[in-house]
Asker: 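Sharing a structure, written as structure tokens. Questions coming.
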Amino acid sequence: NDWCKITGLKNQDATEIVIPNYVTNIGDNAFNGCTGLTSVTISNGVTSIGYRAFEGCIGLTLITLPNSVTSLGSSVFKKCTGLTSVIVEEGTTTLGVSTFYDCSRLVSINIPNSITELEYGVLFGCSGLTSITIPDSVTSIGGMVFRNCTGLTSVTIPNSVASIGNSAFYDCTGLTSVTIPNSVTS
């Protein structure tokens with residue numbers, strides 16, 4: 001990954017990263033593959049996080065995205081298999097395609113009212129999720145958003161949602177109840 005190459009550290013050497021207030025952007029692949037990383041503190045100065053910035057950081061268990069983060073590139077936390085909890089503060093407007101792809105131990109994620117769309121595959125393979133609250137601000141659920149979320153047992157879709165993409169609940173083998181409101185037209 002880029003950061004480990006620049007610093008000369010091996011992927012497993014870095015255990016804690018604090019992104020200071022003066023950093024506004026975490027670039028593409030910045031910490032990709034830092035398998036020893038167990039703690040990341042993202043300051044309120046960060047407004048965007050790039051493509052696959054923390055992919056494969058298997059030691060991370062908790063991520064808090066501060067309200068200054070308004071956008072996330074695709075696959076930012078892809079295959080962070082140790083991740084169990086995500087706090088997305090109010091203000092973040094997008095989670096990006098496949099943001100939490102294959103975060104199999106993720107059991108808790110809050111989605112703030114500032115999110116209007118759950119993009120393609122954002123929670124694909126999050127088999128540890130047993131429930132999720134979709135806020136009334138969400139108007140669109142993209143394709144494969146919950147694919148392979150085998151732990152989900154029930155989902156209530158709010159009246160604000162107008163469309164649900166292809167295979168949104170594909171292979172959700174534990175799902176016993178889905179409530180789809182009349183607002184959904186496609």
Side-chain angles (χ1 to χ4, degrees), residues 35 38 40 42 49 51-67 69-186:
T35 56
T38 58
V40 172
I42 302 171
I49 301 175
Y51 171 77
R52 296 184 173 190
F54 294 96
E55 180 179 354
C57 293
I58 60 175
L60 290 177
T61 57
L62 167 68
I63 287 292
T64 299
L65 296 173
N67 60 11
V69 176
T70 55
S71 70
L72 294 172
S74 66
S75 305
V76 171
F77 298 102
K78 182 177 183 177
K79 297 186 180 185
C80 289
T81 54
L83 196 59
T84 58
S85 182
V86 175
I87 299 167
V88 183
E89 291 183 355
E90 189 74 38
T92 300
T93 57
T94 182
L95 291 178
V97 173
S98 301
T99 299
F100 300 104
Y101 183 99
D102 258 352
C103 292
S104 57
R105 291 193 183 115
L106 185 63
V107 294
S108 173
I109 181 170
N110 75 303
I111 300 171
N113 285 320
S114 52
I115 300 290
T116 59
E117 177 183 6
L118 295 180
E119 293 197 35
Y120 182 91
V122 72
L123 294 167
F124 186 121
C126 293
S127 55
L129 277 178
T130 56
S131 67
I132 188 150
T133 301
I134 302 170
D136 290 337
S137 59
V138 173
T139 59
S140 174
I141 296 174
M144 298 197 198
V145 167
F146 300 107
R147 183 174 178 172
N148 290 350
C149 289
T150 56
L152 273 181
T153 56
S154 68
V155 175
T156 300
I157 298 168
N159 287 326
S160 56
V161 174
S163 66
I164 300 172
N166 292 336
S167 303
F169 297 99
Y170 188 84
D171 273 343
C172 289
T173 55
L175 201 57
T176 58
S177 171
V178 177
T179 303
I180 300 174
N182 291 335
S183 60
V184 175
T185 57
S186 68

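Please read all numbers here as calculations on a predicted model, not as lab measurements. Sequential numbering from 1 along the given sequence is applied to the chain's residues.
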Asker: Taking all heavy atoms of T92 and all of P66, pick out the closest pair and write down the distance.
Answerer: OG1-O, 3.7 Å

Asker: Would you say the side chain of I141 lies within less than 4.5 Å of the side chain of I134, judging by non-hydrogen atoms?
Answerer: yes

Asker: Applying the ring pair (Phe, Tyr, Trp, His ring centres under 6.0 Å) criterion to Y101, which one of F54, Y120, F124, F77 satisfies it?
Answerer: F124

Asker: With a 4.5 Å limit on heavy-atom distance, are the side chains of I109 and I132 in contact?
Answerer: yes

Asker: I need the M144 CE to C149 SG distance, nearest 0.5 Å.
Answerer: 12.5 Å

Asker: For the atom pair CZ (R52) and OG (S75), what is the distance rounded to the nearest 0.5 Å?
Answerer: 5.0 Å

Asker: Before giving the answer on side chain to side chain contact (heavy atoms under 4.5 Å, CB included), spell out for N67 and V69 the whole-Å C-alpha distance, their side-chain angles and the decisive distance to 0.1 Å.
Answerer: CA-CA 5 Å; N67 60 11; V69 176; over 6 Å; no

Asker: Any heavy-atom pair between the side chains of T116 and T93 that's under 4.5 Å?
Answerer: no

Asker: Could you walk me through whether V145 and I164 pass the side chain to side chain contact (heavy atoms under 4.5 Å, CB included) test, one step at a time?
Answerer: CA-CA 9 Å; V145 167; I164 300 172; over 6 Å; no

Asker: Please give me the minimum heavy-atom distance between A168 and G142, naming the atom from each residue.
Answerer: CB-O, 4.0 Å

Asker: Side chains of N159 and V161: closer than 4.5 Å at any heavy-atom pair?
Answerer: no

Asker: Can you tell me how far the CD atom of E55 sits from the SG atom of C80, to the nearest 0.5 Å?
Answerer: 8.0 Å

Asker: Kindly indicate, with the supporting measurements, whether the criterion side chain to side chain donor-acceptor pair (under 3.5 Å) is fulfilled by T64 and E89.
Answerer: CA-CA 7 Å; T64 299; E89 291 183 355; over 6 Å; no

Asker: Is the side chain of S154 donor-acceptor paired with the backbone N or O of S177 at a distance under 3.5 Å, no angle test?
Answerer: no

Asker: Looking at every non-hydrogen atom in both residues, tell me the closest pair between S140 and S163 and how far apart they are.
Answerer: OG-OG, 3.4 Å

Asker: Would you say the side chain of L60 lies within less than 4.5 Å of the side chain of V40, judging by non-hydrogen atoms?
Answerer: yes

Asker: To the nearest 0.5 Å, what is the distance between CG on L123 and CZ on R147?
Answerer: 14.5 Å

Asker: Between atom OG of S85 and atom CD1 of I63, what is the distance when rounded to the nearest 0.5 Å?
Answerer: 10.0 Å

Asker: Is there side-chain contact between N113 and V138, with at least one heavy-atom pair below 4.5 Å?
Answerer: no

Asker: Could you tell me which non-hydrogen atom of N110 sits nearest to which non-hydrogen atom of I87, and how far apart they are?
Answerer: OD1-CA, 3.0 Å

Asker: Would you say that I111 contacts L118 through its side chain, given a criterion of any heavy-atom pair below 4.5 Å between the two side chains?
Answerer: yes

Asker: Where do L106 and V86 land on the side chain to side chain contact (heavy atoms under 4.5 Å, CB included) test, with the steps shown first?
Answerer: CA-CA 8 Å; L106 185 63; V86 175; 3.6 Å; yes

Asker: Just by distance, do the side chain of T185 and the backbone of A162 share a donor-acceptor pair under 3.5 Å?
Answerer: yes

Asker: Which heavy atom of S160 sits nearest to which heavy atom of S183, and what is that distance?
Answerer: N-OG, 4.2 Å

Asker: Quick one: do T94 and E119 satisfy side chain to side chain contact (heavy atoms under 4.5 Å, CB included)? Show the steps, please.
Answerer: CA-CA 8 Å; T94 182; E119 293 197 35; 2.6 Å; yes

Asker: When rounded to the nearest 0.5 angstrom, what is the spacing between OG1 in T70 and CD1 in I49?
Answerer: 10.0 Å

Asker: Do F146 and L152 touch side chain to side chain, with heavy atoms closer than 4.5 Å?
Answerer: yes

Asker: Give the minimum heavy-atom separation between S137 and S114, together with the two atoms involved.
Answerer: OG-N, 4.3 Å

